[in-house]
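Here is the structure we will look at, set down as structure tokens.
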Amino acid sequence: MKYVVLPANCVRRLSFYLAMEEYVARHIDEDDLFFMWQVKPTVIFGRNQVMENEVNVPYCREHGIEMYRRKSGGGCVYADWDNVMMSYVCKEENVGLTFNRFIGMLLLVLRKLGVEATGTTHNDVMIGDRKVSGTAFYHLPGRSIVHATMLYDTDMENMLHAITPSHEKLQSKGIQSVRQRITLLKEYIPQTIDEFKAFVRATLCDGELMLTPDQVAGIEALEQTYLREEFIHLVN
């Protein structure tokens with residue numbers, strides 16, 4: 001599997017990485033591709049969700065948390081600099097096989113680090129009875145895309161308040177209740193987040209694919225479709 005590398009290391013919005021997944025899937029003829037990314041505080045909600053129902057929009061605006069829609073299904077997720085986001089693109093058409101392969105990769109990495117992790121029928125990764133990684137999927141002609149969060153660390157206050165359902169369900173117990181359902185990878189491994197990312201890449205990938213400036217320009221053009229109001233707000 002090849003690791004996809006950008007020619008310049010600069011801060012990008014989450015929408016850029018969503019477009020990068022799609023561009024790579026549509027334009028690069030490789031069997032398996034993988035890359036990781038990090039973003040400033042952001043909420044990402046699923047393909048069929050209504051933003052105002054899932055996201056605490058006033059809180060996000062007040063605290064500078066960006067909000068984007070993805071093209072995969074599933075629920076609303078909070079991410080920040082201490083989350084590692086992962087993208088996997090392959091030619092496998094079968095959804096179940098794609099998920100199984102990717103979850104297997106994550107479990108391989110964690111077990112090599114000495115973490116006894118397990119997968120669930122909902123395609124989450126658990127350490128004990130707490131979630132450390134969640135995944136989402138979507139399909140393009142001839143390609144499948146899986147993206148995942150890996151909770152190395154996170155801002156619990158933002159996670160609690162940025163996503164509306166979590167706030168409503170958990171406001172009586174707050175962060176303590178959130179911590180009963182999730183766990184942070186940093187509590188199980190000595191590696192820093194950058195060391196963890198390097199270990200993931202070394203374990204899963206045996207080469208790299210450097211994108212060209214023209215390909216980056218193509219990603220930036222595709223990104224504009226993720227930034228349109230009619231896409232974000234499902235305007236017909």
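These numbers were taken from a predicted model, which means no experiment stands behind them.
Counting only N and O atoms by type, the side chains of Ser87 and Glu21 include a donor and acceptor under 3.5 Å apart. For the 3.5 Å distance criterion, the side chains of His63 and Glu157 fail to qualify, holding no donor opposite an acceptor. Between the side chains of Asn83 and Tyr78, no donor N or O sits under 3.5 Å from an acceptor N or O. Side-chain contact, Thr154 with Asp80: a donor N or O sits under 3.5 Å from an acceptor N or O.
Nearest approach of Ser144 to Glu92, heavy atoms of both residues: OG-O, 2.5 Å. Taking each heavy atom of Ala19 and Leu222 in turn, the nearest pair found is O-CD2, 3.4 Å. Across all non-hydrogen atoms, the minimal contact from Gln49 to Cys76 is OE1-N, 3.6 Å. Shown here for Val43 and Cys60, the closest heavy-atom pair between the two residues is CG2-SG, 4.0 Å. In terms of heavy atoms, Tyr138 sits closest to Glu22 at OH-CB, 3.5 Å. The heavy-atom pair separating Gln38 from Val84 by the smallest distance is CG-CA, 4.5 Å.
Counting heavy-atom neighbours within 6.0 Å of Arg111 CZ, excluding the residue itself, gives a total above 12. Residue Lys71 places its NZ atom among more than 12 non-hydrogen atoms of other residues, nucleotides or ligands, all under 6.0 Å distant. For NZ of Lys91, the number of neighbouring non-hydrogen atoms (other residues, nucleotides, ligands) closer than 6.0 Å is greater than 12.
One distance of note links NZ of Lys186 with CG of Leu184; it measures 6.0 Å at 0.5 Å rounding. Distance CD/Glu66 to CZ/Arg13: 7.5 Å, rounded to 0.5 Å. Atom CD1 of Ile103 is separated from atom CG of Leu108 by 12.5 Å, given to the nearest 0.5 angstrom. Interatomic distance, Gln215 CD to Leu209 CG, rounded to the nearest 0.5 Å: 7.0 Å. Going from atom CG of Leu160 over to atom CG of Asn56 covers 9.5 Å, rounded to the nearest 0.5 Å.
Put simply, the side chain of Glu116 does not reach to within 4.5 Å of the side chain of Ile127, judged on heavy atoms. Side-chain contact between His147 and Arg70 is present, with heavy atoms from C-beta onward closer than 4.5 Å. Between Glu220 and Arg12, the closest side-chain pair of non-hydrogen atoms falls below 4.5 Å. Considering only heavy atoms from C-beta on, Thr203 comes within 4.5 Å of Lys112 through its side chain. Under the 4.5 Å side-chain criterion, counting only non-hydrogen atoms from C-beta, Ile65 is in contact with Asn158. Contact annotation: the side chain of Met1 approaches that of Met105 to within less than 4.5 Å [non-hydrogen atoms, C-beta and beyond]. Contact annotation: the side chain of Phe16 approaches that of Ile219 to within less than 4.5 Å [non-hydrogen atoms, C-beta and beyond]. Counting heavy atoms from C-beta on, the side chains of Arg101 and Cys90 come closer than 4.5 Å.
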>> Evaluate Tyr68 against Tyr226 for ring pair (Phe, Tyr, Trp, His ring centres under 6.0 Å), listing each step before the verdict.
In response: CA-CA 8 Å; Tyr68 299 103; Tyr226 287 86; 9.0 Å; no
> So Tyr88 and Asp32, side-chain hydrogen bond (donor to acceptor under 3.5 Å, both in side chains) or not? Walk me through it.
Replying inline: CA-CA 7 Å; Tyr88 172 58; Asp32 293 277; 2.5 Å; yes
>> Using side chain to side chain contact (heavy atoms under 4.5 Å, CB included), reason through Met51 and Met67 one step at a time and then give a plain yes or no.
In response: CA-CA 9 Å; Met51 182 179 78; Met67 298 165 279; 4.2 Å; yes
>> What verdict does the side chain to side chain contact (heavy atoms under 4.5 Å, CB included) test give for Val4 and Met20, after you've listed the backbone C-alpha separation in whole Å, the side-chain angles of each residue and the deciding distance to 0.1 Å?
In response: CA-CA 10 Å; Val4 184; Met20 183 171 165; 3.6 Å; yes
>> Go through it in stages, so that I can follow the logic: the residues are Thr98 and Val146, the test is side chain to side chain contact (heavy atoms under 4.5 Å, CB included), and I'd like the CA-CA distance, side-chain angles, deciding distance and then a yes or no.
In response: CA-CA 8 Å; Thr98 302; Val146 181; 3.5 Å; yes
>> If you apply the rule side-chain hydrogen bond (donor to acceptor under 3.5 Å, both in side chains), what do you find for Tyr3 with Asp206, and how did you get there?
In response: CA-CA 8 Å; Tyr3 191 87; Asp206 54 9; over 6 Å; no
> Are Lys2 and Glu208 close enough, and set up right, to give a side chain to side chain contact (heavy atoms under 4.5 Å, CB included), and what steps lead you there?
Replying inline: CA-CA 5 Å; Lys2 290 186 178 178; Glu208 74 173 33; 5.9 Å; no
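A donor-acceptor pair under 3.5 Å is formed between the side chain of Asn94 and the backbone N or O of Gly96. A donor-acceptor pair is defined here as one N or O able to donate and one able to accept, closer than 3.5 Å; no such pair exists between the side chain of Arg143 and the backbone of Arg26. Checked by atom type and distance alone, the side chain of Thr135 pairs as donor or acceptor with a backbone atom of Asn123 at under 3.5 Å. With hydrogens and angles disregarded, no donor-acceptor distance shorter than 3.5 Å links the side chain of Arg47 to the backbone of Ser72. Glu195 places a side-chain N or O within donor-acceptor distance of the main-chain N or O of Thr192, the cut-off being under 3.5 Å. At least one donor-acceptor pair closer than 3.5 Å links the side chain of Ser133 to the backbone N or O of Thr149. With Asp155 contributing its side chain and Trp81 its backbone, the two residues share no donor-acceptor pair below 3.5 Å. The closest donor-acceptor contact from the side chain of Thr225 to the backbone of Glu223 lies at 3.5 Å or more, if one exists at all. A side-chain donor-acceptor contact under 3.5 Å links Arg69 to the backbone of Ile232. Here the side chain of Asp82 pairs no donor or acceptor atom with the backbone of Tyr152 at under 3.5 angstrom.
Grouping the Ile, Leu, Val, Met, Phe, Trp and Tyr side chains by contacts below 4.5 angstrom, directly or via other members, places Leu97 apart from Leu140. Leu113 and Met126 sit in two unconnected hydrophobic clusters of ILVMFWY residues. Membership requires side-chain heavy atoms under 4.5 Å apart, directly or through other members.
Between Phe35 and Tyr17, the two ring planes are tilted [angle within 30° to 60°].
Applying side-chain contact (heavy atoms from CB on, under 4.5 Å) to Val115 and the options Val109, Val125, Leu110, Val132 leaves one that passes, Leu110.
Grouped by direct or indirect side-chain proximity (heavy atoms under 4.5 Å, Ile/Leu/Val/Met/Phe/Trp/Tyr only), Val50 sits alone.
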